[in-house]
Every structure is written in C-alpha cells, then in structure tokens.
Student: 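There's a structure below that I have some questions on.
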Protein chains: 2
Amino acid sequence: MLVSPNPQKTSVHATSESVDDYLKAILELGGSEEALVTTNALAERLGIRTPSVTGMLQKLSSERPTLVHYEKHRGVRLAPAGKRRAWELVRHHRLLERFLHDVLKYSWDEVHEEAERLEHFISERFEDRVAAILGDPEIDPHGHVIPHKYAQGMFRNEVELARWPLRTPATITSVSDRNAASLREIERLGLKPGVTVTIEDVNSSGSLCVRLPGQMDVVRMNKNLAGSIFVTATP
Amino acid sequence: MLVSPNPQKTSVHATSESVDDYLKAILELGGSEEALVTTNALAERLGIRTPSVTGMLQKLSSERPTLVHYEKHRGVRLAPAGKRRAWELVRHHRLLERFLHDVLKYSWDEVHEEAERLEHFISERFEDRVAAILGDPEIDPHGHVIPHKYAQGMFRNEVELARWPLRTPATITSVSDRNAASLREIERLGLKPGVTVTIEDVNSSGSLCVRLPGQMDVVRMNKNLAGSIFVTATP
DNA sequence: ACACTGAATTAGGTTAGACTAAAATATTAT
DNA sequence: ATAATATTTTAGTCTAACCTAATTCAGTGT
C-alpha cells in the first residue's frame with residue numbers, strides 16, 4: 001500500500017529513505033561544529049554521483065519549512081527540522097543495534113547492516129518499546145552514545161587511534177561499525193570499548209604496535225584498522 | 001545508501017516494496033484455488049487505479065524469470081518465484097505480529113500496521129532469530145497460521161461468521177487484522193480465536209445475535225464485524 | 001446479431017531520485 | 001596575475017510507479 005508512505009514518522013516532514021540518508025550523512029560529516037558539508041563528501045559517503053547530490057540539495061533546500069540550509073558552491077548544513085530527523089535516525093540505529101545484539105543475538109559485525117535498513121521504518125511506538133525492554137540503554141554495541149528521545153545527541157571528544165601519540169595510554173571509547181570485516185578483526189584482537197591501550201611503535205607505512213594491559217605480547221594492526229578505533233585520554 | 005536496495009532479500013528476485021504488495025495481494029485474493037485475480041480486484045485492494053495495475057502486471061510478467069503469469073483481459077496468478085516471495089512476506093508479517101505482541105507488548109490492534117511496513121525489510125537472519133526466540137510459533141495473534149520457512153502456506157477452511165448457519169456451534173479460527181477499530185470491538189466482546197459461538201438470530205439488516213458459552217447474555221454485532229470473524233465447525 | 005455496460009487497456013503526463021556529459025566556478029600553483 | 005586543476009552545477013536522460021482521459025474489449029440481454 002504505497003499511497004502514503006511511512007505515515008508513522010515522528011517528524012513533521014515526511015522524509016523518504018533517500019532524504020533520511022542525506023540528513024544522517026550531513027549530521028555525521030558536519031560533526032560537532034556543524035560545519036558545511038561539501039557536495040563531494042556527501043556523494044562519496046552516500047555512494048552516488050555529485051550531480052545527484054546537487055539536485056537533491058537544491059530540492060531539499062527549496063522546501064518550506066526546510067530540512068537543510070544549502071549555499072551553492074559552499075556546502076550544506078542541517079536546519080532544525082533536519083537535525084531533529086537526523087538525530088532520531090541515529091537513535092533508531094543505535095537502539096536497533098543494541099536490540100539486535102542483546103535480544104536477537106546478532107554478533108557485533110552483523111548489527112549495522114540490519115539497523116541501517118530498519119532505522120527508516122520503525123514507528124515511534126517501536127522505538128519506545130525497544131528502549132523500554134532494553135532498560136533505556138546509554139551505549140550501543142560499538143560504544144556509541146544513544147541519544148535521548150527528541151534530544152539532540154552529542155559528539156564525543158574522541159580521536160582515531162591512528163593519530164594518538166606514542167606511549168600515551170588511551171581508552172577505547174568506540175569503534176566504527178561501518179565495516180564488518182574490520183569489526184571481526186577488532187574483536188579478535190580484544191579491542192572492545194573500555195579497553196585501555198598504549199601505542200608502542202608506528203612504522204613508516206602507518207602500522208601500529210599496540211600494548212594491551214595484562215597481556216605480554218603486543219598487537220599489530222594496519223593504519224586502516226587503527227582508523228576505525230576511537231579513543232580518549234585514560235583518566 | 002540506495003545503490004542496491006534491499007540486498008538481503010531471501011528471494012532471488014529483488015522485489016521492491018511495491019512489487020511485494022502486488023504479490024501478497026495476488027496470493028490473498030487468489031485464495032487456495034489460485035484463481036486468476038482481476039485488475040479491478042488488485043486496484044481495489046492496493047488502493048490504486050486500474051491503469052497502474054495493468055502497467056505493473058505488464059512489466060512484471062515480461063521479466064524473466066517471471067514472478068507472475070498475466071493474461072490480458074483475464075487476470076493474473078503467481079508464478080513459482082512470486083509465490084515464494086508472497087509466502088515469505090506472509091511469514092514475515094505473522095512472525096512480526098507475534099513478536100510485536102509478545103515481546104514488545106503491542107496490543108492486538110496495533111500489530112498489523114507495523115508488521116505491514118516492516119515485513120518488506122527484515123532480513124532472513126532477523127526472521128530466523130525472531131522465530132527462534134518465540135519458539136517457532138504456529139499462530140499469530142489473530143489466529144492465522146504462520147507458514148514454515150521456505151514453505152508454501154495453506155489456506156484454512158474457514159468462513160465468515162456472517163455466513164454461518166443459525167444455531168450451529170462454530171469455533172472462531174481467526175479474525176481479520178486489517179481494521180484496528182473492529183479488532184478492539186471484537187476483543188471487547190471476548191471473541192478471540194478458539195472461542196465457540198452460536199448464532200441465535202439474524203435480523204433483516206444482517207446484524208447477528210451471538211451466544212458465547214458460559215455467558216448468559218447474547219452479544220450483538222453488525223454485518224461488517226461478523227464479516228471479519230472467521231469460523232469453522234466445532235468438532 | 002447487436003447494442004449496452006462494465007472492465008481493462010492504451011496513451012500520455014507527473015514525481016522522485018538516480019545517471020552522464022558538458023559548462024561554470026573555485027582553488028592552487030606558478 | 002594567470003594558468004592548471006579540482007569541485008560544483010547545469011542540461012538533458014532514464015526508470016519506477018503512480019495518475020487521468022480516452023479507447024478498446026468482453027460478456028449480457030434482447
């Protein structure tokens with residue numbers, strides 16, 4: 001029944017799956033300072049061509065009330081309504097990951113894909129009930145903070161392990177969920193959020209030697225992997 | 001990310017939400033004898049206009065391997081691939097209803113809408129895990145049989161209460177889930193699947209007087225309500 | 001056999017969201 | 001300051017799925 005698609009969406013603006021994806025990408029690429037996001041960056045992130053992005057941004061920004069503010073040749077940022085929907089999607093995604101992991105026994109590397117698909121379609125009731133049976137969880141399986149309902153989330157002060165200083169203890173706060181193979185490798189190495197690590201050495205190609213507490217042997221990882229692990233200073 | 005939509009679908013044919021809806025409607029309207037379903041009937045069921053249906057049927061039936069067999073001016077029926085996907089959707093729908101009701105504590109009348117939306121998007125893994133935590137349920141909250149995985153379901157020998165003979169005990173096997181208001185009324189009257197009823201009287205406008213076992217007073221219901229309750233002979 | 005009626009199809013149009021190729025604008029390097 | 005390069009936008013297509021208006025077809029009744 002396609003007459004009125006997704007009639008249950010919380011936000012006022014009926015957003016398509018596609019628009020949802022743009023909004024979430026703008027949120028994530030803009031980061032805490034809500035910087036202008038470029039056409040290129042969006043095209044890259046969404047796996048589509050730049051003219052498609054330009055077209056969509058023109059369309060979105062010409063609708064009133066608008067989801068985004070678009071400045072031709074400069075970039076785009078979220079308007080209030082767009083920010084609301086984007087954070088709602090982030091909440092959906094992270095709640096779903098927690099749910100899939102804890103209730104449906106999905107493994108670490110399986111949750112992202114399913115959550116990415118379902119986040120667009122669950123109703124507010126579904127969101128509420130899942131949160132309730134999980135006891136309003138704060139953190140998803142990869143260490144990301146689950147924003148509160150109707151609330152703007154926040155960006156943590158975390159940085160890629162790849163650019164952390166040598167011999168300075170760091171605590172893993174989260175890992176990127178966007179690559180299942182990386183996640184399996186990270187799990188194998190015991191690098192869950194909460195674990196404290198110290199970089200012993202970096203070689204010319206960006207490979208790291210990392211020491212974990214209570215383990216004799218160091219762990220080796222390539223640049224790419226170290227780029228999907230996020231850390232902060234150990235208190 | 002819209003590059004390859006619904007890449008997880010079990011069936012070989014990547015079916016859109018819209019095609020899914022056609023397949024399910026053809027299955028349900030065709031019934032156990034898999035009768036040809038008319039353009040009109042489909043348009044009515046899907047809430048769209050007949051030319052849209054003709055166009056879709058032409059498109060679908062020209063694809064190889066085909067999901068449907070379409071005979072111009074006569075009607076359409078499911079081809080094997082279409083039947084597989086349609087039953088898969090029915091399984092998704094009924095499993096989801098059971099899950100929403102039992103785990104997420106949705107009420108009887110709330111499950112249909114959510115299941116109708118999500119049935120298109122859950123992966124095979126989701127289906128399997130939900131079935132597992134529910135203990136492979138046989139029946140959904142409205143009394144419908146949940147088909148087995150990969151299996152063709154079956155149509156029960158049930159008939160609308162509205163056309164059951166007078167003073168002949170009948171057992172409720174299922175109730176239609178397509179109207180939330182009717183469901184609330186049915187629940188209020190205590191007419192759950194499994195309950196045995198006897199029609200005492202029918203008036204000229206089709207209203208029924210129904211007696212429930214162990215209750216003194218009879219229950220009154222209109223024709224419409226009696227059309228969404230399905231019964232079989234009491235053994 | 002033929003006209004009538006209802007059902008179905010054809011013809012042509014719309015919108016959303018993608019695409020390619022070409023043009024325009026910005027940025028960087030000399 | 002200007003040329004070279006990279007980014008972005010414009011112009012024009014395409015597909016999926018819907019729409020309305022007009023036409024054709026099939027079945028029924030005389």
Side-chain angles (χ1 to χ4, degrees), chain A residues 1-7 9 13-26 29 35-64 66-77 82 85 117 120-121, chain B residues 1-7 9 13-26 29 35-64 66-77 82 85 117 120-121:
Chain A
M1 195 76 83
L2 297 175
V3 177
S4 74
N6 314 314
K9 291 250 173 89
H13 304 265
T15 48
S16 66
E17 202 180 338
S18 183
V19 169
D20 275 358
D21 288 338
Y22 279 87
L23 296 176
K24 224 178 91 173
I26 296 167
L29 294 170
L36 283 176
V37 175
T38 65
T39 304
N40 251 357
L42 273 173
E44 157 89 348
R45 163 70 68 115
L46 297 172
I48 60 183
R49 303 301 190 157
T50 53
S52 310
V53 173
T54 299
M56 178 61 103
L57 296 182
Q58 286 170 342
K59 200 202 73 182
L60 283 183
S61 62
S62 72
E63 291 169 355
R64 223 71 354 152
T66 191
L67 293 163
V68 302
H69 296 300
Y70 167 56
E71 301 170 48
K72 186 190 224 189
H73 285 291
R74 307 213 45 239
V76 67
R77 63 199 170 78
R85 177 62 181 162
R117 207 168 345 97
H120 306 285
F121 306 110
Chain B
M1 198 75 82
L2 298 174
V3 176
S4 73
N6 314 315
K9 291 248 171 91
H13 305 265
T15 49
S16 66
E17 201 180 338
S18 184
V19 170
D20 276 357
D21 288 338
Y22 278 87
L23 297 176
K24 223 178 93 173
I26 296 167
L29 294 170
L36 283 176
V37 175
T38 65
T39 304
N40 251 357
L42 273 173
E44 157 89 347
R45 164 69 68 115
L46 296 172
I48 60 183
R49 303 301 190 156
T50 54
S52 310
V53 173
T54 300
M56 177 63 103
L57 295 182
Q58 286 171 343
K59 200 201 74 180
L60 281 183
S61 63
S62 71
E63 291 170 354
R64 221 91 327 176
T66 191
L67 293 163
V68 301
H69 297 300
Y70 167 56
E71 300 170 50
K72 190 187 214 186
H73 284 290
R74 305 209 50 238
V76 68
R77 61 197 172 79
R85 176 62 182 163
R117 207 170 341 100
H120 306 286
F121 305 109

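Naming: A, B, ... by sequence-line order, numbering from 1 per chain.
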Student: Rounded to whole angstrom units, what separation is found between the CG atom of Leu67(A) and the P atom of dA16(C)?
Tutor: 13 Å
Student: When every nucleotide of nucleotides 5-12 of chain C is labelled 5' to 3' by its protein contacts under 4.0 Å (heavy atoms), B for base, S for sugar-phosphate only, - for none, what sequence of letters results?
Tutor: --SSBB--
Student: Check whether any side-chain N or O of Lys59(B) sits under 4.0 Å from OP1 or OP2 of dA17(D), and answer yes or no.
Tutor: yes
Student: Check whether Ser61(B) reaches the backbone of Leu57(B) with its side chain - one donor and one acceptor, N or O, closer than 3.5 Å.
Tutor: yes
Student: Using atom CG of Leu36(B) as one end and atom C1' of dA26(D) as the other, report the distance to the nearest whole Å.
Tutor: 15 Å
Student: Are the side chains of Ile26(A) and Val68(A) in contact, using a 4.5 Å heavy-atom criterion?
Tutor: yes
Student: State which residues pass salt bridge (Lys or Arg N to Asp or Glu O under 4.0 Å) with Glu63(A); sequence neighbours excluded, sorted by chain then number.
Tutor: none
Student: OP1 or OP2 of dA18(C) sitting under 4.0 Å from any side-chain N/O of Ser18(A)?
Tutor: yes
Student: Provide, to the nearest angstrom, the distance between the CG atom belonging to Leu46(A) and the P atom belonging to dA16(C).
Tutor: 18 Å
Student: Rounded to whole Å, please give me the gap between NE2 in His120(B) and P in dA16(D).
Tutor: 19 Å
Student: Can you tell me the distance, in whole Å, between the CD atom of Glu63(B) and the C1' atom of dT15(D)?
Tutor: 12 Å
Student: Can you tell me if Tyr22(A) touches the phosphate of dA18(C), counting only side-chain N or O atoms and a distance under 4.0 Å to OP1 or OP2?
Tutor: yes
Student: Side-chain N or O of Ser16(B) versus OP1/OP2 of dA17(D): is the shortest distance under 4.0 Å?
Tutor: yes
Student: Less than 4.5 Å apart, side chain to side chain, heavy atoms only: is that true for Leu36(B) and Glu71(B)?
Tutor: yes
Student: If you define the side chain from C-beta out and look only at heavy atoms, does anything of Val53(B) sit under 4.5 Å from Tyr22(B)?
Tutor: yes
Student: Would you name the heavy atoms of Ser62(A) and Lys59(A) that are closest together and state the gap between them?
Tutor: OG-O, 2.9 Å
Student: Roughly, in whole Å, what's the span from CD in Glu17(B) to P in dC18(D)?
Tutor: 10 Å
Student: When you check the phosphate oxygens OP1 and OP2 of dA18(C), does a side-chain N or O of Arg49(A) lie under 4.0 Å from one of them?
Tutor: no
Student: Strictly distance-based, threshold 3.5 Å: is any side-chain N or O of Thr39(B) a donor or acceptor partner for the main-chain N or O of Gly75(B)?
Tutor: no
